[in-house]
Protein chains: 2
Amino acid sequence: MKKISEAVVRRLPVYLQVLNDLHKRDVQTVSSQELGNKLDLNPAQIRKDLAYFGEFGRKGIGYDVSYLIEKIRQILKLDQPLSVGLVGAGNLGRALCNYNTYLKDNMKITAVFDAHPAVVGSQINSLTVQAMDDLKPKVEELNIVIGIITVPAVEAQNVADRFVDAGVKGILNFAPTILRVPDHIRIHYADFTTELLSLAYYLEKKEEEDDEPAVD
Amino acid sequence: MKKISEAVVRRLPVYLQVLNDLHKRDVQTVSSQELGNKLDLNPAQIRKDLAYFGEFGRKGIGYDVSYLIEKIRQILKLDQPLSVGLVGAGNLGRALCNYNTYLKDNMKITAVFDAHPAVVGSQINSLTVQAMDDLKPKVEELNIVIGIITVPAVEAQNVADRFVDAGVKGILNFAPTILRVPDHIRIHYADFTTELLSLAYYLEKKEEEDDEPAVD
DNA sequence: TAGATTGTTAATCGATTAACAATC
DNA sequence: TAGATTGTTAATCGATTAACAATC
């Protein structure tokens with residue numbers, strides 16, 4: 001009904017994280033106040049975020065942890081199998097494949113590809129690295145809907161084009177470069193250098209004073 | 001003077017990325033219009049973002065690419081050496097170390113630590129993995145201001161505490177968990193599972209129709 | 001019943017965009 | 001000079017927060 005903003009959607013996985021944690025510690029019920037404390041978020045915001053999708057809480061009580069986990073997983077479509085493909089079997093690609101156990105939740109990297117013949121055929125856990133020529137048929141066969149890009153920046157656009165052509169719906173790009181994709185493809189960026197550079201901004205300056213900036 | 005919002009700061013590294021690219025292709029000058037096209041951003045926003053920090057452009061002409069790169073690098077404090085430490089010499093940690101060449105720009109991972117004796121002493125490129133006991137002295141010695149966390153979620157809080165105790169100013173956390181740090185420490189999250197889950201939300205639903213949601 | 005906490009409306013705050021004078 | 005494009009103010013849009021009736 002109402003349009004749901006990106007900011008809201010980005011908070012949902014974080015809520016899920018905290019809820020899973022509470023669940024593991026056998027906590028039955030949680031209030032928006034408690035969640036807000038844990039996440040440094042305004043409780044009203046949490047209630048409003050959740051209310052976009054339904055009435056999940058009980059007045060005077062709070063939210064049932066298990067039930068809310070179930071609901072958020074539904075919203076994020078984690079209640080159905082979700083197949084992910086990855087291109088770039090370098091260090092980063094291999095590292096991400098190791099998160100497969102973390103992902104559980106029906107979401108799984110089901111195929112890995114690389115352009116370099118020397119890498120094709122090698123094993124990453126239970127996955128065998130495949131050639132780029134196999135990308136399109138495998139995306140169809142395995143019903144891969146998300147493509148992860150972990151190749152060098154110069155090759156990233158090409159890989160993105162291949163993913164789009166193969167029919168994925170979303171792309172997660174780890175290469176430090178902006179990609180052009182059609183409007184109907186969703187693209188998220190996960191470039192850690194960008195993150196690191198913006199972090200650098202907040203470090204205290206070396207010599208400048210706060211109050212009275214020198215006039216020149 | 002005016003408070004600069006986080007949204008603005010997060011866009012700066014992206015501007016830098018595109019500008020570096022233009023510079024490599026020997027482009028001398030760029031307008032906010034052109035930058036906006038490349039980044040899918042409103043030109044007015046780009047002009048406004050930059051204007052927070054000074055007058056970098058020339059009316060009727062645009063921005064000098066090299067000059068703007070220099071200015072943004074100053075803003076992000078990339079014009080001075082910036083030493084980064086990393087804890088967790090697993091696959092992900094190793095992968096990030098390989099970005100060292102990418103970072104160049106005075107920013108560099110200068111030390112790697114791990115809690116597991118079996119890993120301590122092994123090499124990652126030119127870096128030797130060190131024991132956790134060496135964390136504090138090395139942070140001081142190398143003037144490490146940013147700590148990267150690439151350990152499993154359960155150990156992440158402990159590592160964060162160690163980093164804070166050692167005196168870093170900022171933390172980049174790759175573990176999928178919220179961390180508690182003092183207010184004066186800046187913390188950024190780079191958890192790719194969170195990113196992947198929010199991406200899942202935007203994939204088309206399997207059965208639901210767009211127009212006429214069923215009433216129940 | 002009294003206390004707690006939700007869902008939601010209204011108020012506030014902040015960020016994005018439009019518009020335009022200044023000027024290269 | 002005419003055309004282009006900045007820096008900046010004003011207008012718009014959207015997101016966050018406060019407040020409170022409903023209700024467990």
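Numbered from 1 within each chain, the chains take letters A, B, ... in sequence-line order.
Nucleotide dC20(C) has dG7(D) as its partner under the Watson-Crick or G-U criteria, with both atom distances under 3.5 Å. Pair assignment for dC13(D) gives dG14(C), based on Watson-Crick or G-U wobble hydrogen-bonding distances that are each under 3.5 Å.
Of the candidates dG7(D), dG7(C), dC24(C), the closest approach to any side-chain atom of Ile61(B) belongs to dC24(C). Among the nucleotides dT17(C), dT17(D), dT6(D), the one closest to any side-chain atom of Tyr63(B) is dT6(D). For Asn42(B), the listed nucleotide lying nearest its side chain is dA18(C); candidates were dA18(C), dA18(D), dT23(D). Looking at the side chain of Ala51(A), the nearest of the listed nucleotides dG7(C), dA19(C), dT5(D) is dG7(C). Comparing atom distances between the Lys48(A) side chain and each of dT6(D), dA10(C), dT5(C) picks out dA10(C) as nearest.
Atom CZ of Phe56(A) and atom C1' of dC24(D) are 19 Å apart (whole Å). In this structure, Glu6(B) places its CD atom 17 Å from C1' of dT16(C), rounding to the nearest Å. If you take CD of Gln45(B) and C1' of dT5(D), they are 18 Å apart, rounded to a whole angstrom. Distance Tyr52(B) OH to dT9(D) C1': 12 Å, rounded to the nearest Å. If you take CZ of Phe53(B) and P of dT6(D), they are 17 Å apart, rounded to a whole angstrom. Atom-to-atom, CD1 of Ile4(A) to C1' of dA15(D) comes out at 14 Å; the value is rounded to the nearest Å. One interatomic measurement links the two molecules: CD1 of Ile46(A) to C1' of dT8(C), which rounds to 16 Å at whole-angstrom precision. Rounded to an integer number of Å, the gap from Lys59(B) NZ to dC20(C) C1' is 12 Å.
Look at Ser32(B) and you'll find a side-chain N or O under 4.0 angstrom from OP1 or OP2 of dT6(D).
For the residue pair Asn173(B) / Asp191(B), no side-chain donor-acceptor distance below 3.5 Å is found, with atom types taken as modelled. One side chain, Asp161(B) or Gln157(B), offers a donor N or O that lies under 3.5 Å from an acceptor on the other.
Each of Thr150(A), Ile124(A), Leu127(A), Asp114(A) was evaluated against Leu86(A); a single residue qualifies, Thr150(A), per the side-chain contact (heavy atoms from CB on, under 4.5 Å) test.
Using a 4.0 Å heavy-atom distance criterion, Arg47(A) is classed as a base contact.
Between Ile72(B) and Tyr15(B) the shortest heavy-atom distance is CD1-CB, 3.9 Å.
Mapping Leu41(A) and Gly62(B) onto DNA chain D via the closest heavy atom, the residue that lands nearer the 5' end is Gly62(B).
Salt bridge annotation for Lys138(A)-Glu141(A): present, with a cationic side-chain nitrogen under 4.0 angstrom from a carboxylate oxygen.
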